[in-house]
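The chains referred to below are lettered A, B, ... by the order of the sequence lines, with proteins before strands, and numbering in each begins at 1. Because the structure is predicted, anything quoted here is derived from the model rather than measured.
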2 protein chains.
Amino acid sequence: MLEALVKSGKALSAYEIRDYCCNQLGYDLLPMSVYRILEFLENNDLVHRLNTSSKYIACSHITCPHDHEPPQFLICKSCHRVEEVSMPDRVIKTVTQATRLAGFQLASKQLEIDCYCTECTLTKDTSA
Amino acid sequence: MLEALVKSGKALSAYEIRDYCCNQLGYDLLPMSVYRILEFLENNDLVHRLNTSSKYIACSHITCPHDHEPPQFLICKSCHRVEEVSMPDRVIKTVTQATRLAGFQLASKQLEIDCYCTECTLTKDTSA
DNA sequence: CGCAAGGTCGTTATAACGTAACATTCTGCA
DNA sequence: TGCAGAATGTTACGTTATAACGACCTTGCG
Ligand SMILES: [Zn+2]
Ligand SMILES: [Zn+2]
Ligand SMILES: [Zn+2]
Ligand SMILES: [Zn+2]
């Protein structure tokens with residue numbers, strides 16, 4: 001399944017992962033198994049779940065030796081490209097502060113941000 | 001439907017709205033209708049969709065005369081309370097900058113932030 | 001008026017996402 | 001070996017969302 005996500009190079013839904021495994025890799029998985037394996041992969045920071053789209057993506061740092069830090073995602077509204085980034089501390093700090101000001105406590109540093117990627121921005125500009 | 005959302009005072013799924021309308025208000029709606037009406041309400045900033053939970057919530061500023069600004073939501077992971085806030089400009093600015101640095105262009109200023117609300121923070125603390 | 005183009009709304013069916021519940025098998029240990 | 005608990009398989013179902021089609025109504029024009 002991790003192979004499926006890495007090879008596809010994009011975010012896939014649980015059922016798309018299942019189809020990929022079945023069609024390309026010859027593994028016939030039931031939905032339950034897919035979700036159980038995803039849970040394991042997530043717990044080990046090999047895969048991230050994108051809450052806003054209910055999809056899953058291979059971590060960009062799978063091969064890195066360092067510990068994994070809470071990721072932020074830039075998600076293209078148009079082509080659905082996903083970029084896993086580490087935002088500057090300053091960003092997280094201001095968000096944390098603003099949250100605390102409202103009386104809440106930040107529970108996760110994962111952010112998912114609605115964007116247009118470079119290519120889609122260009123396309124939009126020229127067509128407009 | 002707007003009445004249902006306002007009266008319930010929390011985020012509801014499309015089907016929960018439907019049930020509320022049917023049971024409390026005597027309107028028997030089919031799913032398609034619910035989604036069509038929600039689309040209209042969203043376009044008019046009377047209702048917001050929470051992408052991370054696939055639920056819908058009445059705008060906190062329904063009665064305000066001013067134009068609606070892109071909302072940010074603090075969402076309690078534990079009790080699911082939702083607070084619609086306007087984060088300081090500084091926050092949006094740093095996010096926008098960081099996004100641009102990564103080569104992307106911010107598409108929406110709506111943010112959904114994973115939190116614990118005041119009450120749940122307290123509960124957690126005392127029980128721990 | 002009579003008719004057609006285009007819009008809204010009702011209805012059915014189904015796709016897509018996710019989990020509860022229970023059976024079976026595996027594994028480690030007394 | 002016999003047992004407990006964990007992992008895995010399997011079925012069925014719940015939840016969220018949309019496609020597709022048709023009924024109806026409105027509106028603009030000959
Ligand atoms: Zn990662
Ligand atoms: Zn793009
Ligand atoms: Zn609002
Ligand atoms: Zn709470």
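Formation of a donor-acceptor pair under 3.5 Å by the B:E69 side chain with backbone atoms of B:D67 is not found in this model. A donor-acceptor pair is defined here as one N or O able to donate and one able to accept, closer than 3.5 Å; no such pair exists between the side chain of B:Q110 and the backbone of A:D114.
Applying the side-chain hydrogen bond (donor to acceptor under 3.5 Å, both in side chains) test to every pair with at least one member in residues 12-39 of chain B, sequence neighbours left out, gives no pairs at all.
DNA chain C lies under 4.0 Å from at least one heavy atom of each of the following residues of residues 46-58 of chain A: A:R49, A:S54, A:Y56. Taken residue by residue, residues 28-45 of chain B places heavy atoms nearer than 4.0 Å to DNA chain D at B:M32, B:Y35. Near DNA chain D, meaning a heavy atom under 4.0 Å away, the residues from residues 9-19 of chain B are B:S13, B:Y15.
Distance OH (A:Y27) to P (D:dG9): 13 Å, rounded to an integer number of Å.
One hydrophobic cluster holds both A:I17 and A:L46 under the rule that ILVMFWY side chains link at heavy-atom gaps under 4.5 Å. A continuous path of hydrophobic side-chain contacts links A:Y56 to A:L12 [ILVMFWY only; heavy atoms under 4.5 Å].
Taking each heavy atom of B:V34 and B:A14 in turn, the nearest pair found is CG1-O, 3.6 Å.
At its two ends the helix from C:dC1-D:dG30 to C:dA30-D:dT1 runs along axes set 10° apart, each axis drawn from five pairs and the angle rounded to 10°.
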Acceptor/donor pairs from residues 81-93 of chain A side chains to any protein atom, 3.5 angstrom cut, sequence neighbours excluded:
unit_1, atom_1, unit_2, atom_2, d
A:R81, NH2, A:E119, OE1, 3.4
A:E84, OE1, A:S60, N, 3.0
A:E84, OE1, A:S60, OG, 3.3
A:E84, OE2, A:H48, NE2, 3.1
A:E84, OE2, A:H68, NE2, 3.2
A:R90, NH1, B:Q97, OE1, 3.2

